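This one's a predicted model, so the numbers in the text were calculated from it and none came from an experiment.
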Amino acid sequence: MPTPLKAATALAAALLLILTAAAPAHAANPTTVPPVSGSLNTYNVSGVYVAGVSSGGYMATQLHVAYSSQIRGAAVFAAGPYYCSQNTVAQALNGCGDNRYSTNVSALQAYTRTWASYGWVDPVGNLSGDPVYVFHGGNDTTVKKSVTDDLVRYYQHFGASVQYDSGSAAGHSWVTPYGTLGCGATASPYLNDCGADPQNTLLRKLLGGVNAPNTGGLGGSLIRFNQNTFAVNGWANGLSMDANGFAYVPSACAAGQSCRLLVALHGCAQGVGAVGTAFVDRANLNQYADTNNLIVLYPQAGASLSNPNGCWDWWGYLGATNFPIKGGAQVETIMNMVRRLDG
């Protein structure tokens, strides 16, 4: 029987399959702003949404389901249904990345209803009508399409309004016009250029409409803040989270205008400790934030002995069974950041 460390390492390795891929010669470089040290402030936030890729996609569904009374919609790239791992590494590997095991989506739906009755997650009726955008790339062999299909079925069961984009040739990645890799790649930094703009589509789905992005110099501020302030144990590293997180705040939001908040969650080996601010800078969210009164929060996971590739906890590597519900250490830490921004 594998030790927990060996099993966690095997899971991370399976989620981080590296294929040889060259950066496209035409890769666009976004305008960026350097991070400035500061604190998260409270803004005039009118709605909260989540988005994520791979382990960040799994964390996005955990946040959405646990706090559906506060989080109004989700965008998920390259991930499967809520609580897919069922707290076992074997299921996470074989049912939630590969499809050798069933995802048991009907059981996951039953868990959700039961936990809602206990108050461990918000009432499932909140999910009805919520906008959900789901993306799966045709060259993604890290999370198989049938697994992402079951994410769609999971949300549809509770009445969410799901838009499923499964026509791309993308590898296991966050697809962005500022991707540094070719479309079909699965390699660091997991930012692929497929000649498309999924951020326009996902924001139209979540927000109901979207203005064209800012293609000039960014007008907001990228705040680097101390995640220890929000960690439930006061020590982010002890939760396999980095000491620093980031938030992009457009000038209009800083001036007090009504803004929405998007929590954007990187995938494994995509946090600041692995690739610097590549995800923060190239996710193509800050450009839309400037023209759509949208604050973007970028929490950061970090590497640890039980989580060597800096994934978010969607299979229980922190050793607690409450990782996908209210009270889960990373869920609550991120929600503490949301509560500060949202007031």
Step by step, work out the ring pair (Phe, Tyr, Trp, His ring centres under 6.0 Å) result for Phe230 and Phe225. CA-CA 10 Å; Phe230 304 96; Phe225 66 91; 5.8 Å; yes

Hydrogens and angles aside, do [X] and [Y] bring a side-chain donor and acceptor to less than 3.5 Å of each other?
| X | Y | answer |
| --- | --- | --- |
| Arg260 | Ser46 | no |
| Thr141 | His172 | no |
| Gln287 | Asn214 | no |
| Asp165 | Tyr133 | yes |
| Thr291 | Asn211 | no |
| Asn104 | Tyr111 | no |
| Asn200 | Tyr288 | yes |
| Gln300 | Asp242 | no |

Over 12 non-hydrogen atoms of neighbours within 6.0 angstrom of OH in Tyr101: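 No - once you tally the heavy atoms of other residues, nucleotides and ligands closer than 6.0 Å, there are 12 at most.
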
Please indicate whether Arg340 has more than 12 foreign heavy atoms, meaning atoms of other residues, nucleotides or ligands, lying under 6.0 Å from its CZ. no

Got a donor-acceptor contact below 3.5 angstrom from the [X] side chain to the [Y] backbone?
| X | Y | value |
| --- | --- | --- |
| Ser173 | Ala170 | no |
| Tyr317 | Cys311 | yes |
| Asn192 | Leu181 | no |
| Tyr155 | Val134 | no |
| Asp342 | Val338 | no |
| Gln330 | Asp313 | yes |
| Asn228 | Ala236 | yes |
| Gln163 | Pro131 | no |
| Thr31 | Gly216 | yes |
| Thr103 | Cys84 | no |

How long is the straight-line distance from CG of Asp193 back to OG1 of Thr180, given to the nearest 0.5 Å?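 Reported to 0.5 Å precision, the distance equals 9.0 Å.
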
What distance separates His64 NE2 from Tyr82 OH, expressed to the nearest 0.5 Å?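 Reported to 0.5 Å precision, the distance equals 12.0 Å.
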
Using the test side chain to side chain contact (heavy atoms under 4.5 Å, CB included), find all partners of Leu222 that sit at least two apart in sequence or belong to another chain. Val33, Pro35, Phe246, Tyr248, Val280, Asp281

So, using side chain to side chain contact (heavy atoms under 4.5 Å, CB included) as the criterion, who are the partners of Asp122 when residues are at least two apart? Tyr67, Ser68, Ser69, Asn126, Lys326

With a 6.0 Å cut-off on the ring centroids, do [X] and [Y] count as close?
| X | Y | answer |
| --- | --- | --- |
| Trp314 | Phe323 | no |
| Trp315 | Tyr58 | no |
| Trp174 | His266 | no |

Cluster overlap [X] with [Y], hydrophobic side-chain contacts below 4.5 Å:
| X | Y | value |
| --- | --- | --- |
| Leu202 | Phe135 | yes |
| Leu40 | Val296 | no |
| Val143 | Val152 | no |
| Ile295 | Leu297 | yes |
| Val124 | Val132 | yes |

Sequence neighbours left out, what passes salt bridge (Lys or Arg N to Asp or Glu O under 4.0 Å) with Lys144? Give chain and number order. Asp98

Short N-O contact, Arg153 and Asp150, less than 4.0 angstrom: yes

Minimum side-chain heavy-atom gap Leu262-Leu285 below 4.5 Å: yes

Does the side-chain hydrogen bond (donor to acceptor under 3.5 Å, both in side chains) test come out yes or no for Asn99 and Ser146, once each step is laid out? CA-CA 7 Å; Asn99 57 359; Ser146 63; 3.0 Å; yes

Asn244 vs Asn226, test: side-chain hydrogen bond (donor to acceptor under 3.5 Å, both in side chains). Steps then yes/no. CA-CA 5 Å; Asn244 295 306; Asn226 188 342; over 6 Å; no

